[in-house]
Protein chains: 2
Amino acid sequence: MNKLAIPSQLDTTILAETFRLLGDPTRLRILFFCLDEPRSVGDIATSLDLSQSLVSHHLRLLRGARLVRGNRQAKQIFYELADKHVSDMLVDMAHHVCEEGGED
Amino acid sequence: MNKLAIPSQLDTTILAETFRLLGDPTRLRILFFCLDEPRSVGDIATSLDLSQSLVSHHLRLLRGARLVRGNRQAKQIFYELADKHVSDMLVDMAHHVCEEGGED
DNA sequence: CCAACATATCAATAGTTGTTCATATGTATG
DNA sequence: CATACATATGAACAACTATTGATATGTTGG
């Protein structure tokens with residue numbers, strides 16, 4: 001059973017909203033950087049060579065869509081992917097891009 | 001083997017480009033509409049209540065990213081998803097949205 | 001070749017969004 | 001409590017993008 005009814009216009013909008021958030025290189029880099037282990041905002045900014053402000057802004061968007069989740073630890077806040085769905089999808093898509101094979 | 005190295009900045013950009021294209025409700029609606037069977041531009045426009053021009057514009061973007069593919073049949077051109085990867089991913093994500101379950 | 005239809009392209013615009021800089025909030029330590 | 005550190009928020013701007021309306025290209029039939 002791989003087919004599905006065409007999603008409602010509302011569902012489509014919600015789905016698009018998620019895709020849209022993934023559709024920015026900076027945000028994707030942040031997500032991949034947090035994929036293996038939780039990372040502090042400062043670590044993200046330094047490692048990815050981004051301003052702290054920019055990282056915070058993006059993290060807020062990602063948080064809003066429940067794509068990441070942050071845990072405070074003393075002064076720092078460590079962010080990680082919100083759930084396995086998200087990380088699995090990222091891994092899948094990364095593989096997809098690497099493969100670049102056209103079947104059919 | 002579900003882990004992967006962090007994609008290069010270039011790969012990330014390419015990946016983001018794909019996500020970005022999926023991140024528009026109108027384009028997603030077009031994609032879902034073409035999921036089960038090839039659809040003509042006019043059919044898409046009429047069924048989804050979009051201007052012919054708009055549909056053509058979006059189809060061009062989707063074509064550029066090899067997300068859809070068009071076959072001319074007399075005067076009409078029928079568009080369908082480019083390959084199984086794309087359709088599978090759409091189906092997966094649609095399910096993901098419907099489920100809305102948080103594990104962990 | 002001309003008319004009618006189907007799709008594509010062009011130019012212009014309104015709305016959105018990523019980024020920056022400045023500033024605020026929150027947290028630990030002396 | 002004051003200072004330093006870590007993160008978040010706000011305002012402003014430049015760049016981009018979806019949409020529209022008009023027009024062009026391509027295709028079929030008489």
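Numbered from 1 within each chain, the chains take letters A, B, ... in sequence-line order.
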Inset, instruction - Would you mind reading off the distance between B:D49 atom CG and D:dT20 atom P, rounded to a whole angstrom? - result: 10 Å
Inset, instruction - Would you jot down, in residue-number order, the residues of residues 17-28 of chain A having a non-hydrogen atom under 4.0 Å from DNA chain C? - result: A:R20, A:D24, A:T26, A:R27
Inset, instruction - May I ask you to say what A:H57 touches in the nucleic acid, namely base, sugar-phosphate or nothing, with a heavy-atom cut-off under 4.0 Å? - result: base
Inset, instruction - May I have the distance from A:L50 (atom CG) to C:dG18 (atom P), rounded to whole angstrom? - result: 13 Å
Inset, instruction - Please lay out, stage by stage, how A:Q76 and A:D43 fare under the test side chain to side chain donor-acceptor pair (under 3.5 Å). - result: CA-CA 10 Å; A:Q76 296 175 311; A:D43 188 9; over 6 Å; no
Inset, instruction - Let me know the distance between CD1 of A:I77 and C1' of C:dG26, rounded to the nearest Å. - result: 9 Å
Inset, instruction - Check the hydrophobic clustering (I, L, V, M, F, W, Y; side-chain heavy atoms under 4.5 Å; chains of links allowed) and say if B:L48 and A:I14 are grouped together. - result: no
Inset, instruction - Looking at every strand, decide which applies to B:Y79 at a 4.0 Å heavy-atom threshold: base, sugar-phosphate, or nothing. - result: sugar-phosphate
Inset, instruction - Look at atom CG of A:D49 and say whether more than 12 heavy atoms of other residues, nucleotides or ligands are closer to it than 6.0 Å. - result: no
Legend entry - A:S47 side chain to A:I44 backbone, donor-acceptor under 3.5 Å: no
Legend entry - Base C:dT19 paired with A:S53 side chain (donor-acceptor, <3.5 Å): no
Inset, instruction - Remember a base hit wins even if backbone is also touched, and classify A:Q76 as base, sugar-phosphate or nothing at under 4.0 Å, heavy atoms. - result: sugar-phosphate
Legend entry - Whole-Å distance separating the CG atom of A:L54 from the P atom of C:dT17: 15 Å
Legend entry - Out of C:dT9, C:dT27, D:dA8, whichever nucleotide has its closest atom nearest the side chain of A:S56: D:dA8
Inset, instruction - Tell me whether the OP1 or OP2 atom of D:dT9 has a side-chain N or O from A:R60 closer than 4.0 Å. - result: yes
Inset, instruction - Using whole Å, report how far NE2 of A:H58 lies from C1' of D:dT9. - result: 15 Å
Legend entry - Polar pair under 3.5 Å, donor/acceptor by atom type, side chain A:Q52, base D:dA6: no
Legend entry - 5' priority, DNA chain C, between A:A74 and B:L59 [closest heavy atom]: B:L59
Legend entry - Nearest-angstrom distance from the residue atom CD1 of B:I44 to C1' of C:dA6: 13 Å
